[in-house]
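Report on one structure; see the data block that follows.
Naming convention: chains lettered A, B, ... in sequence-line order (proteins, then strands); numbering from 1 in each chain.
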Protein chains: 2
Amino acid sequence: MPRAGLTPALVAEEAARLSDEEGFDSLSLAAVAKRLGVATPSLYKHVDGLTGLRGEVALLGTNGIGEAVQRAAVGRSGTDALHAAADAYRRYAHTHPGRYVALQQLPRWVGPAPELSTDPVEALAAVLRGFGIAEEQMVHAIRALRSALHGFVDLETRGGFGLPEDVDESYALLVEGFARTLEHWPGSGRRR
Amino acid sequence: MPRAGLTPALVAEEAARLSDEEGFDSLSLAAVAKRLGVATPSLYKHVDGLTGLRGEVALLGTNGIGEAVQRAAVGRSGTDALHAAADAYRRYAHTHPGRYVALQQLPRWVGPAPELSTDPVEALAAVLRGFGIAEEQMVHAIRALRSALHGFVDLETRGGFGLPEDVDESYALLVEGFARTLEHWPGSGRRR
DNA sequence: CCCAAAAGCTAATGCCATTAGCAAACTGCG
DNA sequence: CGCAGTTTGCTAATGGCATTAGCTTTTGGG
């Protein structure tokens, strides 16, 4: 019997693919094992049970969306950067729906403070820095931005918006409105 | 053997209580049956399997938050109504976390267009009407409001906000900022 | 070439959802 | 009051999944 040649990374990536294709709550050790042509218990040599597997997917998602947002924002600033980052955020959630659901639960499956190559919160924060918001207001502003983006994407992917039309426009307006809010944020200066 | 005297409503309410106490994904037919002092298969006489049970919880949550928001907004208008509605929304999510998670998935477990006593989306929409937003912009404005509120509450309850302090203030600022956004919404008039 | 560590496997356990079929309890009607 | 039909709840059985234990085989370094 030849070996399958699995590694923790290979297993995690297959799990992430499965999550994106079938939905994060279809993720099971059994399903991943089947896709890898391996018996279920074999996976325990590479990941720490179902919880560990979910955590790996969450980690892939967190790093993935962080990089996407960062890449989109680089070389831009102000409203321009905000729109680019927001679009990248939403696009990532669309192309990797399973990872996106998983990453929301990161703290639940992985301990606090896991090693992230690119923290998406940090990437969004960088975008806001260009708006000249008072330092003690940054926490609030970042939370507001994350809330708006995540809320929209989450409602959208769950089919929470009854009418299918104009969703792109709704998002653009949301980001637009948020940009204006930022410019008038309490204690903030103005730029562009 | 005396009968337990269950009804669909009793089962649904116990399921909702369990969801709020233990988390929505701890909801299982077995757990509900145990709390009701009944064997698991007995529940099938009252609800349509696990999916049906989840749907009932989602329905309770949807009606519950809808009523809470509506009750909060009645007799108020403009920014005042918005703050009251937003606070009621968040308070409901805090006091009924299981139901809140469940209601996000309503379309998934119940068919489209279930009979709601009070549609929370409608309740929020009523609040926005006071802002004099152009009719064709209402869809976008409602989506933006729902996104902001849901996003914040969702991130918060998942422990997405690392720093525990100032969360109330963050929310107040979010709503505040949104109110200003509404007043400048494309094509909107102004009121208060 | 050999041997220890690693990778996979089968077997077994336990929890859960779901279905089938049975028995007791309630209902309304004569 | 009695009885038939319906309803409710039960036990038994099946199948899927996660997890653990213990075995076998491969593999790579000395």
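Regarding A:Leu29, its CG atom lies at a distance of 20 Å from the P atom of C:dG14, rounded to whole Å. Atom CG of B:Leu10 is separated from atom P of D:dT7 by 18 Å (rounded to the nearest Å). Atom CG of A:Asp25 is separated from atom P of C:dC16 by 19 Å (rounded to the nearest Å).
The pair B:Arg180-B:Glu183 does not count as a salt bridge, with every side-chain nitrogen at least 4.0 angstrom from each carboxylate oxygen.
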side-chain hydrogen bond (donor to acceptor under 3.5 Å, both in side chains) evaluation trace for B:Thr118 with B:Asn63: CA-CA 5 Å; B:Thr118 312; B:Asn63 286 323; 5.5 Å; no
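Every ring-ring contact (aromatic ring centres under 6.0 Å, His included) that B:His96 has, sequence neighbours left out, goes to B:Tyr92. The salt bridge (Lys or Arg N to Asp or Glu O under 4.0 Å) test applied to A:Arg108 returns B:Asp25, not counting sequence neighbours.
Taking the six-membered ring where the residue is Trp, the centroids of A:Phe178 and A:Phe152 are separated by 6.0 Å or more.
Near DNA chain D, meaning a heavy atom under 4.0 Å away, the residues from residues 32-55 of chain B are B:Val38, B:Ala39, B:Pro41, B:Ser42, B:Lys45, B:His46.
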